[in-house]
Structures are given as structure tokens and as C-alpha cells.
*Asks:* 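Let me begin by handing over the structure; questions about it come next.
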Amino acid sequence: MLSTTAAFEGFAEDFAAIALAKAGLSFGEIAKKIGGWHNPSLWEFRNYMKRSFPATAPQLDVGVSIPIYNFTSARGAAKPATLTWEQALAASRSWMQVRHHLTHGLTTGWRSERWYGPLKADEPNAHEVLRPMGKGLYSLTIHGGITCARIYSIGAQAISTEVGQHLGETLDWSDRPAFD
């Protein structure tokens with residue numbers, strides 16, 4: 001999960017910089033635009049690309065559905081489910097909260113534990129994407145990690161493919177892991 005969000009952050013910054021360069025921005029302009037990003041979620045990446053390349057907005061608003069795993073209770077197996085694009089964008093924001101909790105030592109991610117509210121106002125709770133264990137405890141689980149990886153990798157592909165096409169580029173995603 002931490003590797004997924006770190007890889008996504010690097011991808012989002014690099015892709016945005018390359019796309020902006022291809023659109024004719026100078027290195028200084030690109031540095032100013034990208035330099036303010038800190039742990040962008042898929043939702044923030046989509047919104048940034050919409051602002052930077054408005055002609056792609058209709059496609060970036062439609063997006064793709066994303067297969068995930070879902071838990072309805074502390075007992076029972078993870079069940080395959082599908083998120084709409086809007087649900088996936090919202091979940092990406094919660095996954096970024098999970099990242100903050102883990103990297104700032106608020107939780108360990110190794111067991112059922114209490115996941116506190118968001119670190120910033122107007123952000124979703126981390127526990128919204130975690131397995132409910134009862135009594136206010138939640139668990140990350142391997143299926144949660146797989147779900148996070150799918151949301152970020154499939155979402156990044158959808159966004160960057162649309163922006164790439166707008167810029168006259170065809171992107172090759174044949175080596176993207178499926179996270180099965």
C-alpha cells in the first residue's frame with residue numbers, strides 16, 4: 001500500500017511534468033506547478049489534469065470502473081466488487097489517509113486498530129476503505145492493499161491515456177501489473 005502510493009506520486013509528478021512540457025510550458029513554469037504537490041491522490045491528479053488540459057475534462061469525468069475487494073464485516077471473506085469512477089476517486093483520497101497514518105506512525109497496519117480522523121480538514125477518513133473489525137477497530141488486510149493498488153494503477157492509466165491521446169501520444173500499458 002505504501003509502495004503503491006509512493007509510486008503513484010512519482011508517476012503523477014513525472015507524467016504531469018512531461019505533459020506540460022509537451023504542451024509548451026517552460027521548465028520554470030512546470031517546477032512551480034508541480035512543486036506544490038504533496039502526496040496527490042488519484043482525485044487530485046484527475047482534477048489537475050482537467051485544469052491543465054480542459055479538452056480532456058469530459059473523458060476524465062467519465063473514467064473507468066475498477067474491480068476491488070470489499071468486506072462487509074469482520075467475519076467472512078473478501079468479496080469481489082466494482083467501484084464506479086467517482087467511488088474510486090473518493091476511495092483514493094481515503095487511501096491517501098491510510099498512507100498518512102502509516103507513515104506518520106499513527107497506526108501500524110499490522111493488526112486491527114483504531115484509525116483516527118483525517119489529518120486535514122475536508123478529507124475523508126482512512127477507515128472508509130478498511131475492513132471493519134468491530135468496536136471502532138479496522139484492519140488493512142492484503143485485500144485492502146490489492147484494492148489500493150488497483151485503484152491507483154488503473155486510475156492512473158485511465159487519466160494519463162486520455163491526456164496522452166489529447167497530446168497525440170499513445171501510451172503502452174502492457175506491463176502494468178493486474179494485482180490479482
Side-chain angles (χ1 to χ4, degrees), residues 1-22 30-31 33-53 56-57 59-70 81-107 109 115 118-120 122-130 140-167 169-180:
M1 192 257 114
L2 289 174
S3 296
T4 295
T5 55
F8 175 78
E9 180 179 10
F11 172 81
E13 290 173 355
D14 287 352
F15 182 82
I18 291 166
L20 293 170
K22 185 145 180 75
I30 294 168
K33 287 182 176 282
I34 305 291
W37 269 9
H38 300 287
N39 313 116
S41 66
L42 185 64
W43 179 78
E44 291 166 322
F45 181 52
R46 189 274 313 253
N47 291 344
Y48 185 81
M49 290 293 108
K50 281 174 53 175
R51 285 191 307 274
S52 298
F53 301 96
T56 66
Q59 295 83 5
L60 297 182
D61 282 339
V62 172
V64 297
S65 58
I66 298 179
I68 62 151
Y69 289 103
N70 192 19
T82 302
L83 294 179
T84 66
W85 183 238
E86 286 302 316
Q87 290 170 325
L89 293 170
S92 77
R93 297 177 71 209
S94 290
W95 281 112
M96 196 53 66
Q97 292 302 312
V98 171
R99 177 232 176 265
H100 292 313
H101 277 76
L102 294 171
T103 57
H104 297 292
L106 299 173
T107 54
W115 294 73
L119 300 177
K120 295 179 183 176
D122 300 324
E123 291 290 333
N125 282 308
H127 69 74
E128 292 177 23
V129 291
L130 301 172
L140 179 55
T141 77
I142 188 67
H143 290 94
I146 291 168
T147 291
C148 176
R150 286 180 179 177
I151 289 170
Y152 274 99
S153 65
I154 294 169
Q157 178 179 345
I159 293 166
S160 56
T161 295
E162 289 297 334
V163 173
Q165 287 176 351
H166 171 73
L167 295 170
E169 300 291 334
T170 301
L171 306 179
D172 179 5
W173 292 96
S174 60
D175 289 336
R176 183 186 60 78
F179 299 106
D180 291 330

*Asks:* Going through the checks in order, is the side-chain contact (heavy atoms from CB on, under 4.5 Å) test met by Val129 and Cys148?
*Replies:* CA-CA 9 Å; Val129 291; Cys148 176; over 6 Å; no
*Asks:* Tell me yes or no: between the side chains of Gln59 and Thr56, is some donor less than 3.5 Å from an acceptor?
*Replies:*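 On atom types as modelled, these side chains do not qualify, holding no pair under 3.5 Å.
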*Asks:* Please say which of Glu9, Met96, Met1 ends up in a side-chain contact (heavy atoms from CB on, under 4.5 Å) with Tyr152.
*Replies:*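 Among Glu9, Met96, Met1, the one meeting side-chain contact (heavy atoms from CB on, under 4.5 Å) with Tyr152 is Met96.
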*Asks:* Look up atom CD in Gln87 and atom CD1 in Ile68, then write down how far apart they are to the nearest 0.5 Å.
*Replies:*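 Taking CD in Gln87 and CD1 in Ile68, the distance rounds to 8.0 Å.
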*Asks:* If you measure from CD1 on Ile66 to CD1 on Ile154, what distance do you get to the nearest 0.5 Å?
*Replies:*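 It comes to 5.5 Å.
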*Asks:* So, taking the atom named NZ in Lys33 and the one named CG in Leu20, what distance separates them when rounded to the nearest 0.5 Å?
*Replies:*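 Separation between the atoms: 6.5 Å.
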*Asks:* State whether the side chain of Arg150 and the backbone N or O of Phe179 hold a donor-acceptor pair below 3.5 Å, judged by distance alone.
*Replies:*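 A pair under 3.5 Å: yes.
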*Asks:* Of the non-hydrogen atoms in Arg99 and Leu2, which two are nearest, and what is the gap between them?
*Replies:*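 Here Arg99 and Leu2 meet closest at CG-CD2, 3.9 Å.
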*Asks:* Taking Thr147 for its side chain and Tyr69 for its backbone only, find out whether a donor-acceptor pair lies under 3.5 Å.
*Replies:*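 Side chain of Thr147 to backbone of Tyr69, a donor-acceptor pair under 3.5 Å: yes, one is there.
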*Asks:* I'd like to know if the side chain of Asp172 reaches the main chain of Ser174, judged simply by a donor and an acceptor atom lying under 3.5 Å from each other, with no hydrogens or angles considered.
*Replies:*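 The answer is yes, because a donor-acceptor pair under 3.5 Å joins these two groups.
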*Asks:* Please tell me if the side chains of Asn39 and Thr5 come closer than 4.5 Å, counting only heavy atoms from C-beta onward.
*Replies:*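 A side-chain contact is absent here, since even the closest heavy-atom pair is not under 4.5 Å.
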*Asks:* Measure the CD-CH2 distance between Glu128 and Trp115 for me, rounded to the nearest 0.5 Å.
*Replies:*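 Reported value, rounded in 0.5 Å steps: 13.0 Å.
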*Asks:* Hey, could you give me the CD/CH2 distance between Glu123 and Trp43, rounded to the nearest 0.5 Å?
*Replies:*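 One finds 7.0 Å between CD of Glu123 and CH2 of Trp43.
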*Asks:* My understanding is that only one of Phe45, Trp37, Phe8 makes a side-chain contact (heavy atoms from CB on, under 4.5 Å) with Glu13; could you say which?
*Replies:*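 Considering Phe45, Trp37, Phe8, a side-chain contact (heavy atoms from CB on, under 4.5 Å) with Glu13 is found only for Trp37.
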*Asks:* Kindly indicate whether the side chain of Leu140, heavy atoms from C-beta on, has any atom under 4.5 Å from the side chain of Thr107.
*Replies:*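 The answer is no; the side chains never approach within 4.5 Å.
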*Asks:* Which heavy-atom pair separates Ala16 from Tyr48 by the least distance, and what is that distance?
*Replies:*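 Minimum heavy-atom contact is CB-CE2, 4.2 Å.
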*Asks:* Check this for me: does any side-chain nitrogen of one of Lys50 and Glu162 sit under 4.0 Å from a carboxylate oxygen of the other?
*Replies:*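 Glu162 and Lys50: not salt-bridged.
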*Asks:* State the CH2-CG distance between Trp85 and Leu60, to the nearest 0.5 angstrom.
*Replies:*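 It comes to 7.5 Å.
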*Asks:* Is Trp173 reaching over with its side chain to a backbone N or O of Ala158, donor-acceptor style, under 3.5 angstrom?
*Replies:*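 No; judged by distance alone, with no hydrogens or angles, the pair does not exist.
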*Asks:* Please find the pair of heavy atoms, one from Pro118 and one from Gln97, that lie closest to each other, and give the distance.
*Replies:*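 Smallest interatomic distance, heavy atoms only, reads CA-OE1, 3.3 Å.
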*Asks:* Report yes if the side chains of Leu83 and Ser65 come closer than 4.5 Å at any heavy-atom pair, otherwise no.
*Replies:*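 No, their side chains stay 4.5 Å or more apart.
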*Asks:* Using the side-chain contact (heavy atoms from CB on, under 4.5 Å) definition, which of the options Leu42, Thr4, Leu89 pairs with Ile151?
*Replies:*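 The passing option is Leu42.
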*Asks:* Any side-chain heavy-atom pair from Ile18 and Phe15 closer than 4.5 angstrom?
*Replies:*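 Counting from C-beta outward, Ile18 and Phe15 never come under 4.5 Å.
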*Asks:* Let's go through Leu171 and Ser160 carefully: what are the C-alpha distance in whole Å and the side-chain angles of both, what is the deciding distance for side-chain contact (heavy atoms from CB on, under 4.5 Å) to 0.1 Å, and is it a yes or a no?
*Replies:* CA-CA 8 Å; Leu171 306 179; Ser160 56; 3.9 Å; yes
*Asks:* Does Glu44 use its side chain to pair, donor to acceptor, with the backbone of Ser41 at less than 3.5 Å?
*Replies:*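 Checked: pair present.
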